[in-house]
Amino acid sequence: MDQSKIDRINTLYHKSKAVGLSEEEKAEQAALRREYIEAIRGSMRANLNSISIQEKDGSVTDLGQKYGGVNGKQS
């Protein structure tokens, strides 16, 4: 998500508190928030899937392969 969309979310939030939003603006705000949440989830999923831990026996376990599955979906 680019900065202009985040700025638009903030603008709509401040306008909603000051004077309220039209129905079109409410729909735009909801769509932008959904897109933002999906971007955050995707980023978090990628970060968690890139974690590897070293076991006591010296082996390395890739948690993304073990728990993340294909495209972050559990197997």
Side-chain angles (χ1 to χ4, degrees):
M1 173 168 262
D2 62 13
Q3 188 61 42
S4 64
K5 288 183 179 182
I6 294 171
D7 292 341
R8 183 65 178 155
I9 291 170
N10 290 328
T11 300
L12 289 171
Y13 169 77
H14 291 296
K15 184 177 179 188
S16 74
K17 293 298 178 187
V19 295
L21 298 175
S22 68
E23 290 304 315
E24 294 82 20
E25 289 170 327
K26 287 179 185 179
E28 178 187 6
Q29 183 183 43
L32 287 169
R33 284 179 172 173
R34 277 191 303 275
E35 184 178 342
Y36 179 77
I37 290 170
E38 286 303 314
I40 295 297
R41 285 182 181 152
S43 176
M44 181 65 73
R45 193 172 291 120
N47 285 331
L48 291 173
N49 284 337
S50 68
I51 295 174
S52 297
I53 57 173
Q54 186 171 3
E55 304 291 345
K56 290 180 182 179
D57 65 1
S59 64
V60 176
T61 302
D62 182 336
L63 296 181
Q65 288 179 349
K66 185 174 182 179
Y67 296 109
V70 178
N71 294 326
K73 296 180 182 176
Q74 271 186 318
S75 306

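Just so you know, these numbers come straight off a predicted model, no measurement behind them.
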Rounded to the nearest 0.5 Å, how far does [atom2] of [Y] lie from [atom1] of [X]?
{"X": "Ser52", "Y": "Gln65", "atom1": "OG", "atom2": "CD", "result": "8.0 Å"}
{"X": "Glu24", "Y": "Lys26", "atom1": "CD", "atom2": "NZ", "result": "10.5 Å"}
{"X": "Asn49", "Y": "Lys66", "atom1": "CG", "atom2": "NZ", "result": "14.0 Å"}

So if you build clusters from Ile, Leu, Val, Met, Phe, Trp, Tyr with side-chain heavy-atom gaps below 4.5 Å, do [X] and [Y] land together?
{"X": "Met1", "Y": "Ile37", "result": "no"}
{"X": "Ile40", "Y": "Leu32", "result": "yes"}
{"X": "Ile6", "Y": "Leu21", "result": "yes"}
{"X": "Tyr36", "Y": "Leu12", "result": "yes"}
{"X": "Ile53", "Y": "Leu48", "result": "yes"}

If you apply the rule side-chain contact (heavy atoms from CB on, under 4.5 Å), what do you find for Ile9 with Lys5, and how did you get there?
CA-CA 6 Å; Ile9 291 170; Lys5 288 183 179 182; 5.6 Å; no
Side chains of residues 54-61: which donor-acceptor partners sit under 3.5 Å, not counting sequence neighbours?
| from | atom 1 | to | atom 2 | distance (Å) |
| --- | --- | --- | --- | --- |
| Glu55 | OE2 | Thr61 | OG1 | 2.8 |
| Asp57 | OD1 | Ser59 | N | 2.9 |
| Asp57 | OD1 | Ser59 | OG | 2.7 |

Please lay out, stage by stage, how Glu38 and Arg41 fare under the test side-chain contact (heavy atoms from CB on, under 4.5 Å).
CA-CA 5 Å; Glu38 286 303 314; Arg41 285 182 181 152; 3.1 Å; yes
Residue list, side-chain contact (heavy atoms from CB on, under 4.5 Å) with Asn47, at least two apart or on another chain
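Result, side-chain contact (heavy atoms from CB on, under 4.5 Å) vs Asn47: Ser43.
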